[in-house]
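Chain A is the first sequence line, chain B the second, and so forth, proteins listed ahead of strands; every chain is numbered from 1. Basis for what follows: all heavy atoms, side chains included, without hydrogens, waters or symmetry-related copies.
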Amino acid sequence: MDYNFNAIEPKWQQFWREKQTYRAENCSDKPHFYVLDMFPYPSGAGLHVGHPLGYIASDIYARYKRQCGFNVLHPMGYDAYGLPAEQYAIQTGQHPAVTTERNIARYREQLDKLGFSFDWDREVRTCDPRYYRWTQWTFIQLFNHYYDERRNQARPVSELVARLDSGEEPMRDGREWSTLNEAEKQRYLMDFRLAYLADIPVNWCPELGTVLANDEVVGGLSVRGGHPVERKLMRQWSLRITAYAQRLVDGLEQVDWSESLKEIQRNWIGRSEGAAVWFPVVSDDPALKDVRFEIFTTRPDTIFGVTFMVLCPEHELIGRITTPAQRAEVEAYVNWAKNRSERERQAEVKKVSGVFTGAYALNPLTGERVPVWVSDYVLAGYGTGAIMAVPAHDSRDFAFARHFDLPVRQVVAQAPDAAEDTALWTESMDSKSGYCVNSGFVTGMKVKDAMRAVIDKIDSMGVGHRTVNYRLRDAIFSRQRYWGEPFPIYYKDNIPYTIPEECLPLTLPEVSEFKPTATGEPPLGHAACWAWDEARRCVVETSKIDNKTVFPLELSTMPGFAGSSGYYLRYMDPHNDEAYFSPQAVSYWKQVDLYVGGAEHGTGHLIYARFWNKFLYDIGMAVMDEPFRKLINQGMIQGRSNFVYRSKTDNNLFVSKNLPGRAETTVPIHVDINLVDNDVLDVERFRRWRPEFADARFELEEGRYVCGWEVEKMSKSMFNVQNPDDLVARYGADTLRLYEMFLGPVEQAKPWDTNGIEGVFRFLKKFWRLYDAVDDSQPSPAMVKLLHQTIKKVTDDIERFSFNTIVSTMMICTNELTASGCHSRAVLEPLLPLIAPLAPHIAEELWHQTGHDGSVCLAAWPRYDDAQLVESGFTYPVSFNGKMRFTIELPADAGSDDAFAAVAAHPAGQKYLAGATPKKVIFVPKKIINVVI
RNA sequence: GCGGAUAUGGCGUAAUUGGUAGCCGCGCUAGACUUAGGAUCUAGUUCUUCACGGAGUGGGGGUUCGAGUCCCCCUAUCCGCACCA
């Protein structure tokens, strides 16, 4: 019988569905294991071959663990809120819920065809009220907690209020708590809440009525529509993720992630140690008597080289310190800087700009007067928005000093007694190696020692202290969008209050339009029913707002990362209507043991989810501080485009790639990769592809038209998108699964290329044929050894996620069994559980054909036997005195005399034994031989 | 500019982690079988040479009996961050 995947695959997929083969229980005697994929956003385009790469890898591991006797949780769901569905809604009026539902159905259909072992019973969708209820609930908890720096964890705001009420804790700004009214108290508490409302500079596009991300603005105009964009302060919800910066850095030590991804996160968080120093303003004006700037520096050792100071254009002190003579110029500059988009500013980094305020500050260590400048090379969002400029040892300060002709003073040199460095005529010396010079009490010290000494000094003088700064910013949590989670927030006297937890979910209301309102409010402003009745505790018509008992609800919605930050916890207990997840469920599964997904989420989802989890840990919900124990980043699948070459002189003539006539062709033209097989063009289908090619003629090489190719991004416009459905229809899911793994290491980025898929398909057919006539004959020792080698290799490879080599190993095994005509049940049967994780359908079918009941996907993982492995000749790795090690191959019947001789004959043996035989050779098969000389 | 990674046949890759470089697959060459196929099987395929042999893991140096693997210096490509004080 032929290998008919079309009959086999649907049959077993149905079998698994009916028997609920992959259902996970929340309690079991077995050890638990949680394998998770990053859930997809169900886009209208459906799955392409890049999506399943990670899913296949995780599925292999999940199946393997199941066969090893683990209770495996392997769920799947959808990140269903998002922009594309909403953009589509604006264009067509089609409700995002409808398109999302349709896309999910299509995704599910595509996923089902690939034979994944997901427990679909646990599916979650972020747009499902039964799910986002808990996203809203978490937001309320964030709102109601603050970060206690001393205990280093989130604590209820109510505790803080109690301490303020009792007078145990003074207010930070020195005011008296008991004298404040409700609004003032709430405003004060807002600076502590982990979810807080604050004025934040954003890119606001009045025409589009929305905030735009930096990458949506070019040259001060919106990418979509080309409307002007202004920098504007807007009240936005934010999450105080910066409170967790240190723990987010520290937690990386506990997780098994690639070093490069950890490094990406460390850089993103950007921890830097340094000092905060106060520079008092020099002025006769009594109003400025106690005014001082706080600066942050990582190079306190260079404080003796400060020749000027720079404030960011947004700095609050600029208005107060600017002298009348400079006022007009400063205001013009600040204004200019303010209206520059983030994009423009970044594009013109090398252009030096700035203006002198007329004011001077006092260097607290030297007592020297230095001018204070304003420039946009100092960023408002980092440190204190003010710096001490040391042009000799900072390249940016150097550029500024050269441009405005400010003095440059060397305070670090390669040697303590070095002459002044002429290199400083052209560039700064930023290196931290060397010695301090011209630096008062630290002169002659090494830079590193001076850093410590200066910090100690400013600390004792009371003009500064040691401190740590982070590059990480708080996460803006508001979106002026419809298709997202509504905030469980209403406003009373402009003060936000949370909806009572029992009233959740606060379901997304229907709106008449998905666009912003005429007054520039988010789409929820169109909702007829979007007001909160405080007394009746329910949502009522917007028209009933009276600000006495009925109040307006928040109109913006949460961003995409809200729903994806805790979904992995919900899978543990997805049907729970009483809680996010039960304590029993979370204390059973604990955390994700293996997480598979793209590295592009390194600075987004993977940071937010860790923050979310740490917060839930602090409030006693999660039981682990880190959510994802091991993480594998699947490499991006790029497209492999094909090209045809059109003659310059004849529009209908196409020249094959390797012909001399190629030189006389135009730029290569993209051709749909579905018309190409192994780079050979199907000329008939090409003519039918588009009317303009109907009359195409071809200059062929050896009767074929060979296309050119190039690796590009996978995109529709390049006709290089590969749809997995086509390949499943042609080769079956098992072949596709195997081939995606065979392509190369999972973690490596690689172009999609179907050129090798035939080989994998051939292997499965060959494997299938092995089982044509299984007999009960005694296998030869060589075949037994082959079996055990295969088991060992496959087991090792799965454990180290080297899935591409598993396929090779199975191919070698199949080739050898075929070549020696082995059909022995004793060898063939154990191979089936072995291949089941990779190609579950064929394994299942053959398992039944060899006379088994039940599912091979639940059958025990085969064990290898060392004794069988060494049956017929094997390799001894050898070590000399535990130091040297090398491999000697010996026949199976070799005795210790042969081992002595082999060691002595080996180059290493000749050198270290000098012709003598070793006294003793200890050898353990497949391990080490110690040679005693 | 800073940080990280990678570099092996015509192509995708492998190498028991310091021990015979090129497994497996694609492609290619030759052949077998054939009811002519996008089927199956066999042999060959790093380069160079008629051959013996020689060279060979981006380039250069080093450690070692022995280096694709470890160390130093370059080069190229990819990714992340980017005026972060």
Side-chain angles (χ1 to χ4, degrees), chain A residues 2 258-268 270-272 274 295-299 302 310 312 345-346 348-352 375-379 381-390 393-397 399-400 430 469-473 599-600 602-603 633 635-636 638 640 677-680 682 709 711 730 738-739 742-745 747-751 753-763 765-766 769 789 792-793 796 802 804-815 818-819 875 877-880 884-889 906-913 926:
Chain A
D2 279 348
S258 72
E259 206 41 54
S260 73
L261 185 65
K262 286 188 189 180
E263 208 49 40
I264 286 173
Q265 292 216 338
R266 281 190 203 108
N267 288 342
W268 184 258
R271 181 184 200 277
S272 48
I295 61 98
F296 172 74
T297 179
T298 54
R299 295 292 304 274
T302 61
V310 188
C312 66
R345 203 183 54 71
Q346 284 175 13
E348 294 166 11
V349 160
K350 286 187 192 88
K351 257 192 208 164
V352 178
S375 172
D376 67 353
Y377 86 86
V378 175
L379 304 176
Y382 183 78
T384 58
I387 61 155
M388 61 177 213
V390 185
H393 305 290
D394 181 285
S395 57
R396 298 149 302 180
D397 296 345
F400 194 83
D430 296 9
N469 241 298
Y470 300 92
R471 206 192 66 97
L472 187 71
R473 311 281 160 88
E600 66 272 21
T603 54
N633 285 123
M636 192 108 63
Q638 297 136 302
R640 185 180 189 277
D677 196 9
N678 273 352
D679 292 335
V680 176
D682 183 331
W709 62 272
V711 173
R730 196 154 148 197
L738 245 53
Y739 184 59
F742 189 63
L743 224 40
E747 305 202 55
Q748 190 177 300
K750 54 212 160 228
D753 179 357
T754 39
N755 284 352
I757 198 168
E758 292 283 350
V760 174
F761 187 48
R762 235 169 263 163
F763 154 67
K765 284 193 282 193
K766 201 166 176 177
R769 252 180 279 124
Q789 270 177 341
K792 181 170 167 32
K793 186 78 175 24
D796 290 350
S802 172
N804 53 331
T805 53
I806 301 177
V807 184
S808 299
T809 307
M810 292 304 298
M811 284 177 176
I812 295 166
C813 180
T814 303
N815 288 345
T818 305
T875 310
V878 175
S879 81
F880 269 94
M884 299 290 164
R885 208 179 66 169
F886 53 94
T887 307
I888 303 177
E889 195 149 352
H906 194 277
Q910 283 175 3
K911 163 123 186 179
Y912 291 98
L913 295 168
K926 278 285 163 188

Who pairs with A/Val378 by side-chain contact (heavy atoms from CB on, under 4.5 Å), at least two apart in sequence or on another chain?
A/Val310, A/Cys312, A/Ile387
Side chain of A/Asn815 only, heavy atoms from C-beta on: which candidate in B/A85, B/A39, B/C24 is closest?
B/C24
Heavy-atom closest pair (A/Met388 atom, A/Asp397 atom, distance to 0.1 Å) is O-OD2, 3.9 Å
Bracket string, RNA chain B, 5' to 3' - pairs by Watson-Crick or G-U geometry under 3.5 Å, | interstrand
(((((((..(((......[....)))((((((.(..)..))))))(((....)))..(((((..]....))))))))))))....
Nearest whole angstrom, please: distance from the C1' of B/U6 to the CD of A/Glu747.
13 Å
Are OP1 or OP2 of B/A39 and a side-chain N or O of A/Arg769 less than 4.0 angstrom apart?
no
To the nearest Å, give me how far apart NZ (A/Lys262) and C1' (B/A5) are.
16 Å
By side-chain contact (heavy atoms from CB on, under 4.5 Å) - contacts of A/Lys750 (at least two apart):
A/Leu53, A/Ile637, A/Leu743
For nucleotides 10-12 of chain B, print each protein N/O atom paired with a nucleotide N/O atom at under 3.5 Å, atom names and distance only.
| residue | atom | partner | partner atom | Å |
| --- | --- | --- | --- | --- |
| B/G12 | O2' | A/Leu743 | O | 2.6 |

Sequence-distant partners of A/Phe742, ring-ring contact (aromatic ring centres under 6.0 Å, His included), two or more places apart
none
Would you say A/Asn804 reaches B/G25's phosphate, i.e. side-chain N/O to OP1/OP2 under 4.0 Å?
no
Quick one: which protein N/O atoms are closer than 3.5 Å to N/O atoms of nucleotides 77-82 of chain B? Pair and distance per line, please.
| residue | atom | partner | partner atom | Å |
| --- | --- | --- | --- | --- |
| B/C81 | O3' | A/Arg471 | NH1 | 3.3 |
| B/A82 | OP1 | A/Arg471 | NH1 | 3.4 |

